[in-house]
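Notes for the one structure printed next.
Below, read A as the first sequence line, B as the second, and so on, with proteins coming before strands; counting in each chain starts at 1.
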There are 2 protein chains.
Amino acid sequence: MRTDARRNVESLLEAAKTVFGTAGVDAPAKQITDLAGVGVGTLYRHFPQRADLIKAVIEREIDACADAAPALAGELPPGDALARWLDRLAELIATKRGFAAALHSGDPAYAGLPGYLLEKLAPALGSLLDAATAAGEIQAGVTPRDLLYAVAKLGAPLPGEEPGYGRRMVALLVGGLRRD
Amino acid sequence: MRTDARRNVESLLEAAKTVFGTAGVDAPAKQITDLAGVGVGTLYRHFPQRADLIKAVIEREIDACADAAPALAGELPPGDALARWLDRLAELIATKRGFAAALHSGDPAYAGLPGYLLEKLAPALGSLLDAATAAGEIQAGVTPRDLLYAVAKLGAPLPGEEPGYGRRMVALLVGGLRRD
DNA sequence: GCCTGAAGCGGAATGTCTTTCCGGAACTAT
DNA sequence: ATAGTTCCGGAAAGACATTCCGCTTCAGGC
């Protein structure tokens, strides 16, 4: 792949993340290409469907979340590391505009997203979970998969509910898993 | 309101429900007006924003769900009536295309929806819950509000997960509430 | 029953957005 | 340096949602 092409993809992802954050995921494509300093054609060359761009941005966030796990594991006791990481995930789902919407949209364009989330985050969560279980700080028998689904669903905000309600429910769930 | 106008509104809601069910909530407006035998102008006269139509269709489903509660209460023991009603609600959220999406969209256009759901369903659920508690079939201390939110969130399908997963999780939750 | 003003209707026209297309510019391997 | 790709930009096409307005239909008063 040509270096200028890679650079453009990078600019587009960065710009899209910014625009999605401020104007929502339904912002006109033009706004994104202008910010990226690129023509519309370039956007569509790399992301043939609008949904592809959204998917790519979300996948980056998922990657970033997965990458955060080792650092937390190194800094905190296993139980705390687990709790903090799950809160980070809940925050991602609760606050990134359009993340929960895409996840629950039912649109086939986003069909692969939960799978990607599972695939990327299950190992990260698995190792945190194993460490916490081995340290006796968590009751055994919880699968990463079920926990991820639960967080993904409980963390999604319902419009009109107090902000943070979903995150609190997740914290409650996690608290229930921990031994005192 | 003129009778023909009311009739048209009725046709539109009926048509919209059908089209949303088959082609999804993003179906072109023309498809709906054609099925309803009405011009586009008529659609926009009654539902100025597209979201208004979607909201209206969903609110009808919510009403229907609320209306189902008394019948169930009359036919079944309190605990079973509660379980069946919650399953009906979970099914509504899990299978009606776009219902969960609208609920979790974050779009301000749907901001009132969770409130409407709460307002309409809390009394219905409250009476089922009270009856089951009084009969000793359910542990006390659950509020209709929290239970409704939990079902609304857990019941929402994640694309790619086996169908029925959400409904099963709801059933599990309900099972946990019941005394044996 | 008929008349009349208001309420409502249809669908062409408008505006906004996504998506396509292609002539020309920019990169890279030789 | 050059040839051969690969990529780029932005104008044009297409698909929608939404608006607008002349014409039709209703309903209450005579």
Side-chain angles (χ1 to χ4, degrees), chain A residues 1-58 97-98 101-102 105-111 113, chain B residues 1-58 97-98 101-102 105-111 113:
Chain A
M1 192 179 198
R2 257 168 59 174
T3 54
D4 57 341
R6 175 159 304 288
R7 185 155 26 84
N8 280 331
V9 169
E10 201 57 33
S11 306
L12 280 168
L13 286 172
E14 204 55 43
K17 186 180 155 190
T18 304
V19 170
F20 289 166
T22 54
V25 277
D26 292 328
K30 182 114 199 320
Q31 203 175 329
I32 294 167
T33 57
D34 284 355
L35 181 58
V38 147
V40 228
T42 304
L43 170 60
Y44 280 89
R45 156 172 310 278
H46 295 298
F47 304 98
Q49 307 284 323
R50 178 188 185 65
D52 295 330
L53 176 62
I54 297 174
K55 235 170 37 183
V57 170
I58 291 178
R97 286 181 170 237
S105 69
D107 187 328
Y110 301 109
L113 222 40
Chain B
M1 192 176 198
R2 261 167 55 173
T3 54
D4 57 341
R6 176 158 303 287
R7 184 155 28 83
N8 279 331
V9 169
E10 201 57 32
S11 307
L12 280 168
L13 285 172
E14 204 55 44
K17 187 180 154 189
T18 304
V19 170
F20 289 166
T22 54
V25 277
D26 292 329
K30 182 116 198 322
Q31 204 173 329
I32 294 167
T33 56
D34 284 355
L35 181 58
V38 148
V40 227
T42 305
L43 170 60
Y44 281 89
R45 157 172 310 278
H46 295 298
F47 304 97
Q49 307 284 325
R50 180 190 185 66
D52 295 330
L53 177 62
I54 297 173
K55 235 170 37 184
V57 170
I58 291 178
R97 287 185 170 233
S105 67
D107 187 328
Y110 301 109
L113 221 42

Least distance between heavy atoms, [X] atom then [Y] atom:
{"X": "A:Leu43", "Y": "A:Leu12", "answer": "CA-CD1, 3.8 Å"}
{"X": "A:Thr33", "Y": "A:Val40", "answer": "CG2-CA, 3.9 Å"}
{"X": "A:Tyr110", "Y": "A:Ala102", "answer": "CB-O, 3.7 Å"}

Practice prompt. Look at the side chain of B:Asp4 and decide which nucleotide, out of C:dT18, D:dG10, C:dG8, has an atom nearest to it.
Written response: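 Of the options given, the side chain of B:Asp4 lies nearest C:dG8.
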
Worksheet entry | Options D:dC8, C:dG10, D:dC16, nucleotide nearest the side-chain atoms of B:Val38 |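 Among the listed nucleotides, the one closest to the side chain of B:Val38 is C:dG10.
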
What is the distance, rounded to the nearest whole Å, between atom [atom1] of [X] and atom [atom2] of [N]?
{"X": "A:Lys30", "N": "D:dG10", "atom1": "NZ", "atom2": "P", "value": "9 Å"}
{"X": "A:Arg7", "N": "C:dA25", "atom1": "CZ", "atom2": "P", "value": "18 Å"}
{"X": "B:Arg45", "N": "C:dG10", "atom1": "CZ", "atom2": "P", "value": "10 Å"}
{"X": "A:Ile32", "N": "D:dG9", "atom1": "CD1", "atom2": "C1'", "value": "17 Å"}
{"X": "B:Arg6", "N": "C:dC9", "atom1": "CZ", "atom2": "P", "value": "12 Å"}
{"X": "B:Asp26", "N": "D:dA15", "atom1": "CG", "atom2": "C1'", "value": "13 Å"}
{"X": "A:Asp52", "N": "C:dT18", "atom1": "CG", "atom2": "C1'", "value": "13 Å"}
{"X": "B:Leu43", "N": "C:dG11", "atom1": "CG", "atom2": "P", "value": "14 Å"}

Between [N] and [X], is there an OP1 or OP2 to side-chain N/O distance shorter than 4.0 Å?
{"X": "B:Tyr44", "N": "D:dT19", "answer": "no"}
{"X": "A:Thr42", "N": "D:dC7", "answer": "no"}
{"X": "B:Thr3", "N": "D:dA27", "answer": "yes"}
{"X": "B:Gln49", "N": "D:dA17", "answer": "no"}
{"X": "A:His46", "N": "D:dC8", "answer": "yes"}
{"X": "A:Arg50", "N": "C:dT18", "answer": "yes"}

Practice prompt. Pick base, sugar-phosphate or nothing for B:Ala51, based on heavy-atom distances below 4.0 Å to the nucleic acid.
Written response: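 Answer is nothing: B:Ala51 stays at 4.0 Å or more from every strand.
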
Worksheet item: So do the side chains of A:Val25 and A:Val57 get within less than 4.5 Å of each other, counting heavy atoms only?
Response: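 No, every pair of side-chain atoms sits at 4.5 Å or beyond.
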
Worksheet item: Would you say A:Ile58 and A:Phe20 make side-chain contact, with heavy atoms under 4.5 Å?
Response: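 A side-chain contact under 4.5 Å is absent here.
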
Worksheet entry | Given DNA chain D, 5'-ward residue of the pair A:Met1 and B:Val40, judged by closest heavy atom |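 The residue mapped nearer the 5' terminus is A:Met1.
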
Discussion item. When you measure only distances, ignoring hydrogens and angles, does the side chain of B:Arg2 come within 3.5 Å of the base of D:dT25 through a donor and an acceptor?
Written reply: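 Counting by modelled atom types and ignoring angles, a donor-acceptor contact under 3.5 Å is found here.
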
